[in-house]
Undergrad: 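Take a look at this one; I'll ask things after.
Remember, it's a predicted structure, so these values are computed and weren't measured experimentally.
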Amino acid sequence: MSTDREQAAFEAGIKLGALYHQWVGTPISVQTASGVEAVIEQSVGLQPFVEQIDVTLDRSLMNANAFGYTELAGLMFDVTIRTKVGATTCVAALRPENGYPLMRIVSCDEEEPLSDH
């Protein structure tokens, strides 16, 4: 059986991985980016253990093709997600690092138990 800390980290990581693979390749433009950001946040936010998610897409990488759009690419993502399992809150991120869309655990913190006094 996993600990709350392990489960919170797993939940954050699996949600970032699913987000990445679900949305890469989506037709997007500078004009539709804010709507896509909101839909991703709302969609992932429905899942168990998600406390908060913030999605920003790098519009400078959105170079329209002949039809007026581009495809969402991994390097466009700047995502921070916070999951909570039991008393543990985990923050993870997906953002470009050295030309790669890197996912990482930023922190996992456990709440201090309340004293009886």
Undergrad: Quick check for you: to the nearest 0.5 Å, what is the distance between T32 atom OG1 and Y69 atom OH?
TA: 11.5 Å
Undergrad: Is there a continuous path of hydrophobic side-chain contacts, each under 4.5 Å between heavy atoms, that joins V30 to M76?
TA: yes
Undergrad: Where do V106 and A93 come nearest, in terms of heavy atoms and distance?
TA: CG2-CB, 3.9 Å
Undergrad: Using the side-chain contact (heavy atoms from CB on, under 4.5 Å) rule, take V91 and T80 through it: C-alpha gap first, then chi angles, then the decisive distance, then the call.
TA: CA-CA 7 Å; V91 176; T80 303; 3.7 Å; yes
Undergrad: Once rounded to the nearest 0.5 Å, what's the spacing between atom CG of L57 and atom CG of L75?
TA: 12.0 Å
Undergrad: Taking V39 as the starting point, is it possible to reach V79 by hopping between hydrophobic residues whose side chains are less than 4.5 Å apart?
TA: yes
Undergrad: Please check if L19 and L61 belong to a single hydrophobic cluster, counting links between Ile, Leu, Val, Met, Phe, Trp and Tyr side chain heavy atoms closer than 4.5 Å.
TA: yes
Undergrad: About how many Å separate CG of L72 and OH of Y20, when rounded to the nearest 0.5 Å?
TA: 9.5 Å
Undergrad: Looking only at heavy atoms, what is the nearest atom pair of M62 and A33, with distance?
TA: CE-CB, 3.7 Å
Undergrad: Under a single-linkage definition using a 4.5 Å side-chain heavy-atom cutoff for Ile, Leu, Val, Met, Phe, Trp and Tyr, are L94 and V55 assigned to the same hydrophobic cluster?
TA: yes
Undergrad: Name the residue from E111, E11, E51 that meets the salt bridge (charged side-chain N to carboxylate O under 4.0 Å, His left out) definition with K84.
TA: E111
Undergrad: Write down the atom of Q7, the atom of S2, and the distance for their closest heavy-atom approach.
TA: OE1-OG, 3.0 Å
Undergrad: As an exercise, state the distance from CZ of R95 to OG1 of T56, rounded to the nearest 0.5 Å.
TA: 9.0 Å
Undergrad: Can you find a heavy atom in the side chain of I53 that is under 4.5 Å from one in the side chain of K15?
TA: no
Undergrad: Taking the side chain from R5 and the backbone from E110, do they hold a donor-acceptor pair closer than 3.5 Å?
TA: no
Undergrad: State, to 0.1 Å, how close V44 and V50 come at their nearest heavy-atom pair, and which atoms those are.
TA: O-CG2, 3.6 Å
Undergrad: Side chains of I28 and T70: closer than 4.5 Å at any heavy-atom pair?
TA: yes
Undergrad: Search all heavy atoms of V24 against all heavy atoms of A73 and return the closest pair with its distance.
TA: CG2-C, 4.4 Å
Undergrad: Looking at CG of D4 and SG of C90, how far apart are the two atoms once the value is rounded to the nearest 0.5 Å?
TA: 12.0 Å
Undergrad: As an exercise, state the distance from CZ of F77 to CD1 of I40, rounded to the nearest 0.5 Å.
TA: 5.0 Å
Undergrad: Measure the shortest side-chain to side-chain distance between R82 and S107 over non-hydrogen atoms and say whether it is less than 4.5 angstrom.
TA: no
